[in-house]
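Excluded from the calculations below are hydrogen atoms, water molecules and symmetry mates; all remaining heavy atoms, backbone and side chain alike, are included.
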Amino acid sequence: MCTEEICIAKDLINVDYVGHDLLSDKSPQIIDSFSSRQERLDYAINLLKKYNTPQSRYYLCEAYHNSRVSHRKESIEIFLNYLTNELYQDRFIKIDPIYISLYEMSNFDAMNFHIATILSWLGEAYEGEYDYQNALLAFQKAYALAPYYSWAPGQVSRIYMKMNRIDKSIEILEKYKATKWYEPYDEKLYSDNVYHHDDNKILVDEWIDDYKKKIERGYVFKPRKRKIQKK
């Protein structure tokens with residue numbers, strides 16, 4: 001359960017993914033009053049900042065993660081604040097039973113995956129600010145907590161590439177290839193149909209191939225120059 005304002009803020013953040021039919025009663029009218037997505041997110045942020053609960057802090061993370069680059073520096077503080085306080089348990093204990101079975105996840109695993117997600121957002125924010133050392137630390141922690149998803153080693157390897165250590169990028173991905181998570185697997189859906197997953201294998205193979213080509217041509221990563229804002 002949530003307060004009316006937090007429920008509205010949640011709807012403002014998630015409307016792009018859930019559709020109007022799953023929103024609370026007052027949300028559709030409020031949502032339709034905004035001229036842009038960021039304006040809607042800013043309204044949600046202002047509502048959530050009135051509270052200091054695990055739930056409000058989590059949805060603040062979602063709002064900042066989906067916001068424009070101009071919100072990135074502040075998002076780092078928001079993510080760190082969430083990670084150093086009580087977590088929003090309802091976000092990770094109500095997991096799809098098929099999902100739990102597929103990854104053999106306990107509630108503890110689900111909590112770790114939740115933390116890894118926020119760490120991933122934190123790493124992306126640091127990366128956007130060219131703070132590659134802190135981005136690497138955040139991504140490494142996320143990978144340790146959620147080793148089954150390819151995005152975790154993918155983020156670590158990408159930062160090593162930006163630090164011009166492409167050999168390390170390849171090493172990280174080659175180690176992931178030795179795990180069971182790299183191999184394709186079948187998932188039985190509610191309809192009893194079977195879905196064949198090979199995304200992890202495809203992505204990792206593509207990344208390794210790209211990094212090897214970069215080494216062959218002597219690639220050196222050069223960060224973009226920041227634009228100086230006029231006063």
Side-chain angles (χ1 to χ4, degrees), residues 14 17-18 54 58-59 61-62 64-66 75 79-80 82-84 86-128 132-163 165-212:
N14 294 324
Y17 313 105
V18 300
Y58 170 74
Y59 285 115
C61 288
E62 277 202 357
Y64 273 93
H65 174 63
N66 290 307
S75 75
F79 300 146
L80 288 172
Y82 180 76
L83 289 167
T84 53
E86 182 184 352
L87 302 176
Y88 178 38
Q89 292 190 28
D90 278 1
R91 189 61 185 171
F92 58 82
I93 61 174
K94 296 177 181 178
I95 302 292
D96 188 323
I98 286 184
Y99 187 80
I100 291 176
S101 174
L102 179 64
Y103 290 107
E104 300 174 352
M105 292 176 69
S106 64
N107 281 342
F108 182 73
D109 295 325
M111 179 185 71
N112 282 342
F113 179 74
H114 176 73
I115 296 170
T117 300
I118 308 299
L119 284 166
S120 174
W121 296 351
L122 175 63
E124 290 172 348
Y126 278 130
E127 182 181 0
Y132 297 139
Q133 192 58 51
N134 275 320
L136 179 61
L137 291 173
F139 288 147
Q140 285 174 328
K141 290 177 182 177
Y143 185 18
L145 291 170
Y148 25 82
Y149 272 138
S150 59
W151 55 257
Q155 289 172 325
V156 174
S157 66
R158 185 177 70 239
I159 291 299
Y160 275 123
M161 182 272 292
K162 291 186 175 183
M163 298 171 81
R165 298 182 61 190
I166 302 181
D167 57 331
K168 190 68 175 176
S169 299
I170 295 173
E171 178 186 328
I172 292 294
L173 296 173
E174 289 289 358
K175 285 182 178 179
Y176 181 79
K177 285 181 67 172
T179 70
K180 65 179 180 179
W181 311 114
Y182 167 78
E183 298 298 333
Y185 59 89
D186 293 328
E187 175 188 4
K188 189 174 181 181
L189 305 177
Y190 286 116
S191 60
D192 286 335
N193 292 329
V194 175
Y195 182 79
H196 183 69
H197 292 269
D198 56 4
D199 306 24
N200 288 349
K201 184 180 187 302
I202 291 172
L203 282 173
V204 170
D205 288 349
E206 287 178 351
W207 291 333
I208 290 175
D209 183 58
D210 179 60
Y211 290 141
K212 286 182 176 178

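Side-chain contact between Arg165 and Ser169: absent, with no pair of heavy atoms (C-beta onward) separated by less than 4.5 Å. Looking only at side-chain heavy atoms (C-beta outward), Phe113 and Tyr149 come within less than 4.5 Å of each other. With contacts defined as side-chain heavy-atom distances shorter than 4.5 Å, the pair Asn200/Glu183 does not qualify. In this structure, Tyr160 and Leu136 have side chains that are in contact, with non-hydrogen atoms separated by less than 4.5 Å. Residues Met111 and Ile115 have side chains in contact (heavy-atom distance under 4.5 Å, counting atoms from C-beta outward).
Shortest non-hydrogen contact noted between Pro54 and Leu87 is CB-O, 3.5 Å. The two residues Ser120 and Ala142 make their nearest non-hydrogen contact at N-CB, 4.3 Å. In terms of heavy atoms, Tyr82 sits closest to His114 at OH-NE2, 2.6 Å. Leu173 approaches Tyr211 most closely through the heavy-atom pair CD1-CE1, 3.7 Å.
For Asp210, the side chain to side chain contact (heavy atoms under 4.5 Å, CB included) test picks out Lys214, with sequence neighbours left out. The ring-ring contact (aromatic ring centres under 6.0 Å, His included) test applied to His65 returns Trp121, not counting sequence neighbours. Scored by the side chain to side chain donor-acceptor pair (under 3.5 Å) test, Asp167 finds no partners at all (sequence neighbours excluded). Among residues two or more places apart in sequence or in another chain, the salt bridge (Lys or Arg N to Asp or Glu O under 4.0 Å) test is passed with Lys212 by none. A search for side chain to side chain donor-acceptor pair (under 3.5 Å) contacts involving Asp209 returns Lys213, not counting sequence neighbours. Residues meeting the ring-ring contact (aromatic ring centres under 6.0 Å, His included) test with Tyr126, sequence neighbours left out: none. Residues forming a side chain to side chain donor-acceptor pair (under 3.5 Å) with Lys168 (at least two apart in sequence, or on another chain): Glu171. Residues that satisfy the salt bridge (Lys or Arg N to Asp or Glu O under 4.0 Å) test with Asp199, not counting sequence neighbours, are absent from this structure. Residues passing the side chain to side chain contact (heavy atoms under 4.5 Å, CB included) test with Ala125 are Arg72, Ser75, Ile76, Phe79, sequence neighbours excluded. In this view, Tyr58 and Glu62, Arg91 satisfy the side chain to side chain donor-acceptor pair (under 3.5 Å) rule, not counting sequence neighbours.
The list of salt bridge (Lys or Arg N to Asp or Glu O under 4.0 Å) pairs with a residue in residues 142-158, not counting sequence neighbours, reads Glu127-Arg158. Pairs passing the salt bridge (Lys or Arg N to Asp or Glu O under 4.0 Å) check and including a residue from residues 141-155, sequence neighbours excluded, do not occur.
Side chain of Ser157 to main chain of Pro153: a donor-acceptor pair is present (N/O by atom type, distance under 3.5 Å, no hydrogens or angles). When atom types are taken as modelled, the side chain of Tyr176 and the backbone of Tyr148 share a donor-acceptor pair closer than 3.5 angstrom.
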